[in-house]
Amino acid sequence: FDIAGAEDVEFNAVDYAGRARDVIADIHARGKRAILAGGTFFYLRALLSGLPEMPGRDEPLRARIRAVAVRPRGPERLHRWLSKIDPRSGRKIASGDRHRVERALEVWITSGKPISSWEREGDDPLPAVKLALDVERRQLVAILDARVEAMFRAGLVAETRALLERYPATARPFGTIGYKEAAAVVRGELSEADAIAETRRRTRAYAKRQRTWLRAERNVHWLDGSAREQALAAALRIIETDT
């Protein structure tokens, strides 16, 4: 996306959904079909179903919430607060997901309504064919572990060190899987071996959450991911049938 000053702009799910829809419309106008691969399911849902018109970001308020988050056991305190005012969101949002916890508290303080109570009032649903690859757990774990090791071998720690010289440590990407652990190596809080082990653990946990989400999602076509060529052929048949 061509965004002026993009390197200094926080790009959220609403921004993503709006720009992605523009790109999809352009692809369709050229007689092609857009393919979206991987990603975070919250962003996928924002694209396909839209997001409610909630209060905008309040920087002073977010700074006050973040001041609590950086204190010892601050994230746990914020999550307990969220669970008290909005039990549904407290159950859905992990205590370690600092940005979603902060956003939920921000919406509640600003509007007086729990974030879970806002009805979905976004754009019209976007038609989509949903395909998911199913891989046996041991094979999946091996694939995930190899991917983590490849990331670190390719220079993740050096990349993170360079990024930390340009951006504040509180920037959202530094809390993501891999970058968070690499940042801890840069600060001397973890050895690289421990960072790899922790990244493996968080990656496996994230994959488990993705699988759970997909199993609950409606109208998903499951394909055998262990056989690449067969999965591709099956995917093409499903897409052609849906056209």
Side-chain angles (χ1 to χ4, degrees), residues 1 3 5-16 38-43 57-83 89-107 109 115 140-210 213:
F1 299 123
I3 306 174
E7 64 179 17
D8 297 319
V9 174
E10 180 166 324
F11 198 69
N12 58 35
V14 175
D15 298 324
Y16 165 78
T40 303
F41 290 129
F42 179 68
Y43 279 61
R57 186 180 177 94
D58 186 321
E59 292 295 348
L61 175 58
R62 185 66 71 94
R64 287 163 52 199
I65 296 173
R66 188 159 296 163
V68 177
V70 299
R71 297 173 187 168
R73 303 194 65 79
E76 291 84 355
R77 289 179 58 197
L78 291 177
H79 191 263
R80 284 198 301 271
W81 184 18
L82 174 62
S83 298
S89 294
R91 289 190 297 269
K92 289 176 57 178
I93 303 174
S95 60
D97 193 341
R98 179 171 62 82
H99 292 279
R100 290 185 66 195
V101 171
E102 290 177 3
R103 176 57 177 158
L105 291 172
E106 178 185 45
V107 169
I109 294 171
I115 196 170
L140 178 60
V141 168
I143 293 171
L144 296 176
D145 286 353
R147 180 172 179 269
V148 169
E149 291 174 5
M151 286 166 52
F152 277 87
R153 283 199 307 270
L156 180 60
V157 173
E159 176 188 338
T160 303
R161 181 179 290 108
L163 290 171
L164 284 168
E165 292 173 355
R166 296 179 59 189
Y167 303 105
T170 55
R172 187 165 189 169
F174 293 124
T176 58
I177 299 173
Y179 281 110
K180 180 178 181 179
E181 290 71 30
V185 174
V186 173
R187 293 192 298 268
E189 299 169 0
L190 285 178
S191 67
E192 185 162 324
D194 288 339
I196 291 173
E198 178 62 10
T199 305
R200 282 179 175 175
R201 185 195 67 77
R202 291 184 67 207
T203 300
R204 294 176 184 179
Y206 185 62
K208 182 178 180 180
R209 292 197 300 273
Q210 286 185 314
W213 190 95

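Owing to the predicted nature of the structure, the values given are computational and were not obtained by experimental measurement.
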Open item on the list: I need the Thr160 OG1 to Glu165 CD distance, nearest 0.5 Å.
Closed with: 11.0 Å

Task: Between CZ on residue Phe174 and CG on residue Leu164, distance to nearest 0.5 Å - done: 4.0 Å

- [ ] Would you name the heavy atoms of Ala69 and Leu78 that are closest together and state the gap between them?
- [x] CB-CD1, 3.6 Å

Open item on the list: I need the Asp97 CG to Leu82 CG distance, nearest 0.5 Å.
Closed with: 10.5 Å

Open item on the list: Using every non-hydrogen atom in the two residues, find where Ala195 and Leu190 come nearest and quote the distance to one decimal.
Closed with: CA-CD1, 4.1 Å

Open item on the list: Using 0.5 Å steps for rounding, measure from the CD1 atom of Ile93 to the CZ atom of Arg98.
Closed with: 13.5 Å

TODO: Before accepting this row, confirm whether a basic side-chain N of the pair Glu181/Arg202 lies closer than 4.0 Å to the acidic partner's carboxylate O.
DONE: yes

- [ ] Could you list the residues that satisfy ring-ring contact (aromatic ring centres under 6.0 Å, His included) with Phe41, not counting sequence neighbours?
- [x] Trp213

Task: Check against side chain to side chain contact (heavy atoms under 4.5 Å, CB included), Tyr179 and Leu156 - done: CA-CA 7 Å; Tyr179 281 110; Leu156 180 60; 3.8 Å; yes

- [ ] Please check if the side chain of His79 supplies one atom and the backbone of Gly90 the other of a donor-acceptor pair under 3.5 Å.
- [x] yes

- [ ] Write down the atom of Pro75, the atom of Ser95, and the distance for their closest heavy-atom approach.
- [x] CB-O, 4.1 Å

Task: Interatomic spacing from CG in Asp194 to OG1 in Thr199 - rounded to 0.5 Å - done: 10.5 Å

Task: Any side-chain heavy-atom pair of Arg66 and His99 under 4.5 Å - done: yes

Task: Reported CD-to-OG1 distance for the pair Glu198 and Thr203, which is rounded to 0.5 angstrom - done: 9.5 Å

Task: Any residue meeting salt bridge (charged side-chain N to carboxylate O under 4.0 Å, His left out) with Glu189, in chain and number order, not counting sequence neighbours - done: Arg187

Task: Exceeds 12 heavy-atom contacts within 6.0 angstrom, atom CZ of Arg172 - done: yes

Task: Sidechain N-carboxylate O distance under 4.0 Å for Glu59, Arg62 - done: no

Open item on the list: I need the minimum non-hydrogen distance between Arg204 and Leu144, along with the two atoms involved.
Closed with: CA-CD1, 4.1 Å

Open item on the list: A side-chain contact here means heavy atoms from C-beta on lying under 4.5 Å apart; do Thr40 and Tyr206 qualify?
Closed with: yes

